[in-house]
Protein chains: 2
Amino acid sequence: MTTHNPDDLRVRKTRRSLQQALIRLILRKGYDSISIQDIADEAETARITFYRHYHDKEALLTDCLNDLYEDLTRRTERLTPQMLVNDQSPLHTFYVHIVEHETLYRILFSSRGSQTVMQRLRHHMAGFALSTLESLNRTPIGDIPVQVLAYHAAGAQIGLAMWWLDEGKPYPPDYMARIALWLSLHGALGAVGAIEPRIPPPILP
Amino acid sequence: MTTHNPDDLRVRKTRRSLQQALIRLILRKGYDSISIQDIADEAETARITFYRHYHDKEALLTDCLNDLYEDLTRRTERLTPQMLVNDQSPLHTFYVHIVEHETLYRILFSSRGSQTVMQRLRHHMAGFALSTLESLNRTPIGDIPVQVLAYHAAGAQIGLAMWWLDEGKPYPPDYMARIALWLSLHGALGAVGAIEPRIPPPILP
DNA sequence: AAAGTTATGTGACAACGTGTATCATAAAGT
DNA sequence: ACTTTATGATACACGTTGTCACATAACTTT
């Protein structure tokens with residue numbers, strides 16, 4: 001496969017066409033049933049041109065998702081301690097992003113969506129959780145691994161967002177963002193007002 | 001497609017062969033590169049026989065995973081308040097189950113796993129969270145919807161388990177079960193020892 | 001155990017998707 | 001204007017899919 005020059009106008013135009021074509025096709029008929037020929041037709045380009053830029057469908061999808069994540073990351077700001085209690089949290093950005101790209105998120109979350117997407121999203125959210133933890137400027141007690149903390153929170157956010165879309169967005173995005181953050185911070189016992197007794201965390205064996 | 005009698009010995013034998021063949025093949029060469037012919041060869045049956053029982057590869061995989069899910073449901077018990085602080089929680093059952101069926105869970109959690117089964121697993125975990133909340137015998141403060149609480153916790157558990165398998169099981173199952181439950185109960189602020197000030201939950205708009 | 005029923009095996013088929021090759025053409029870069 | 005390079009058109013070999021009849025084997029029923 002010839003290595004194309006990414007700065008060439010033709011190359012950039014072709015790749016952008018292919019990416020947008022894939023998005024449109026995913027919205028129209030789901031990911032799995034899409035063939036390379038479909039993408040080429042939709043992008044109004046030759047099938048062989050696809051192979052000159054991407055090895056397979058997954059590679060193109062990855063390219064698209066990178067853009068989506070870049071867009072999300074660009075908007076996501078670090079969480080400062082003061083921001084923990086107001087509406088300007090990165091989770092708010094997340095929920096607004098979901099609303100803006102609702103159809104796409106809906107398909108990615110559904111049974112027709114790709115699990116690869118979810119995995120990437122989980123890593124992304126875990127990274128956000130890690131930086132949030134850093135901004136708190138405290139280390140976990142009881143030798144709780146930070147990774148455990150991060151992926152616990154990441155899964156919680158994604159699972160909640162999936163439920164929210166499934167149910168047809170029963171609550172507004174800003175409420176979801178605040179309650180989601182609050183729950184991750186204070187836990188279920190905080191939610192039921194059972195603040196005592198505070199049981200110490202399990203110790204690593 | 002002829003409707004086969006599931007009680008017929010030949011049918012049960014064939015389906016079992018196909019299921020086991022798929023598992024073996026996934027172990028050997030991954031899911032994506034497996035063709036129907038491969039499955040038929042491995043199961044020592046004719047290719048057309050596959051089509052007489054399953055519509056496609058995904059259907060066979062779903063069948064395998066449904067069995068897994070049923071097995072987990074059978075073993076999962078309600079969480080009593082006393083069980084919250086010891087090792088006998090359903091989460092312990094969950095992690096032991098993952099270890100026992102590690103290969104299948106890897107598939108389920110991987111990029112090619114079925115999102116449908118994942119969705120069912122999420123609902124299952126959410127139901128478990130709901131019954132846990134009931135056993136606490138307290139209602140959430142600040143009008144927090146119980147569904148939000150449940151799916152927040154469910155996502156956290158599944159996300160954490162996925163990370164744990166991805167990382168090659170860096171901690172023992174019983175530690176994971178206890179830390180997972182503790183984190184859902186006490187939250188991230190509990191994990192960093194920041195118990196005050198206790199910020200009240202957001203109010204529904 | 002014999003007769004009837006039903007699942008499986010064989011071999012073949014068209015349709016489709018994939019990946020690659022060649023050569024001419026168009027569009028970019030210098 | 002000249003050179004370089006990406007794209008388009010066409011074709012090919014190959015593997016996979018889904019579906020036929022028809023014969024045979026295995027199971028169920030009496």
Side-chain angles (χ1 to χ4, degrees), chain A residues 1-64 67 111-114 116, chain B residues 1-64 67 107 111-112 114 116:
Chain A
M1 176 151 60
T2 318
T3 310
H4 295 270
N5 179 12
D7 295 329
D8 194 307
L9 284 188
R10 293 167 295 184
V11 172
R12 295 205 289 177
K13 175 168 160 275
T14 298
R15 292 192 178 162
R16 198 150 33 81
S17 296
L18 289 171
Q19 289 171 22
Q20 292 173 350
L22 179 61
I23 300 295
R24 282 197 300 273
L25 286 172
I26 288 178
L27 295 179
R28 195 179 307 153
K29 50 184 277 188
Y31 177 79
D32 288 320
S33 62
I34 300 174
S35 71
I36 311 292
Q37 184 71 66
D38 291 335
I39 299 173
D41 289 345
E42 182 70 24
E44 290 179 302
T45 186
R47 188 166 63 92
I48 194 174
T49 302
F50 175 92
Y51 291 110
R52 287 182 174 127
H53 293 279
Y54 301 101
H55 181 260
D56 54 17
K57 221 170 46 169
E58 277 289 317
L60 176 57
L61 177 64
T62 298
D63 222 26
C64 294
D67 288 354
S111 58
R112 289 166 89 191
S114 153
T116 308
Chain B
M1 174 150 62
T2 318
T3 311
H4 296 272
N5 178 12
D7 296 328
D8 194 306
L9 284 187
R10 290 168 295 183
V11 172
R12 298 206 287 179
K13 174 167 161 278
T14 297
R15 292 192 177 162
R16 199 148 34 80
S17 297
L18 288 171
Q19 289 173 20
Q20 293 174 350
L22 179 62
I23 302 296
R24 281 198 301 272
L25 284 172
I26 288 175
L27 278 174
R28 196 178 308 151
K29 52 185 276 190
Y31 179 82
D32 289 316
S33 61
I34 299 174
S35 70
I36 311 292
Q37 184 70 65
D38 291 335
I39 300 173
D41 289 345
E42 181 70 25
E44 290 180 302
T45 186
R47 188 167 62 92
I48 196 175
T49 302
F50 174 93
Y51 291 110
R52 288 180 174 129
H53 292 279
Y54 300 101
H55 180 259
D56 55 16
K57 221 170 49 169
E58 278 287 318
L60 175 58
L61 179 64
T62 298
D63 217 28
C64 296
D67 288 352
I107 297 162
S111 60
R112 265 307 184 176
S114 159
T116 306

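Lettering follows sequence order; numbering is per chain, from 1. FYI, side chains are in, hydrogens and waters are out, and symmetry mates aren't considered; it's all heavy atoms of this structure.
- Remark on DNA chain D: of its neighbouring residues B:Q37 and A:E44, the 5'-side contact belongs to A:E44, judged by nearest-heavy-atom nucleotide.
- Rounded to a whole Å, the NZ atom of A:K13 is 11 Å from the C1' atom of C:dA26.
- The two residues B:L18 and B:A43 come nearest to each other via the heavy atoms CD2-CB, 3.8 Å.
- When each of A:N5 and B:S35 is assigned the nucleotide of DNA chain D with its nearest heavy atom, A:N5 is the one assigned upstream, toward the 5' end.
- Atoms CG (B:D7) and C1' (D:dT28) sit 11 Å apart, rounded to a whole Å.
- For the pair B:I48 CD1 and D:dC22 P, the computed distance is 14 Å after rounding to whole Å.
- Contact annotation: A:T14 reaches the phosphate of D:dT7 (side-chain N/O to OP1 or OP2, under 4.0 Å).
- For the pair B:E42 and B:L22, the minimum side-chain heavy-atom distance is 4.5 Å or more.
- Considering all non-hydrogen atoms of both residues, B:Y31 and B:K57 come closest at O-NZ, 3.1 Å.
- C:dA7 atom C1' lies 13 Å from atom CG of B:L18, rounded to whole Å.
- At whole-Å resolution of the value, CZ in A:R52 and C1' in C:dT18 are 16 Å apart.
- When side chains are defined from C-beta on, B:Y54 counts as touching B:R15, because their heavy atoms get closer than 4.5 Å.
- B:R10 has its CZ atom 9 Å from the P atom of C:dT6, to the nearest Å.
- Between the NE2 atom of A:H4 and the C1' atom of C:dA28 there is a distance of 14 Å, rounded to whole Å.
- Few gaps surround NZ on B:K29; more than 12 heavy atoms of other groups in view lie less than 6.0 Å from it.
- An OP1 or OP2 oxygen of D:dG18 is reached within less than 4.0 angstrom by no side-chain nitrogen or oxygen of B:H55.
- Distance CG (B:L25) to P (D:dT16): 13 Å, rounded to an integer number of Å.
- A sub-4.0 Å separation between OP1 or OP2 of C:dT8 and a side-chain N or O of B:T45 is absent.
- The side chain of B:Y51 approaches D:dT17 more closely than any other nucleotide in the set D:dT17, C:dG9, D:dT7.
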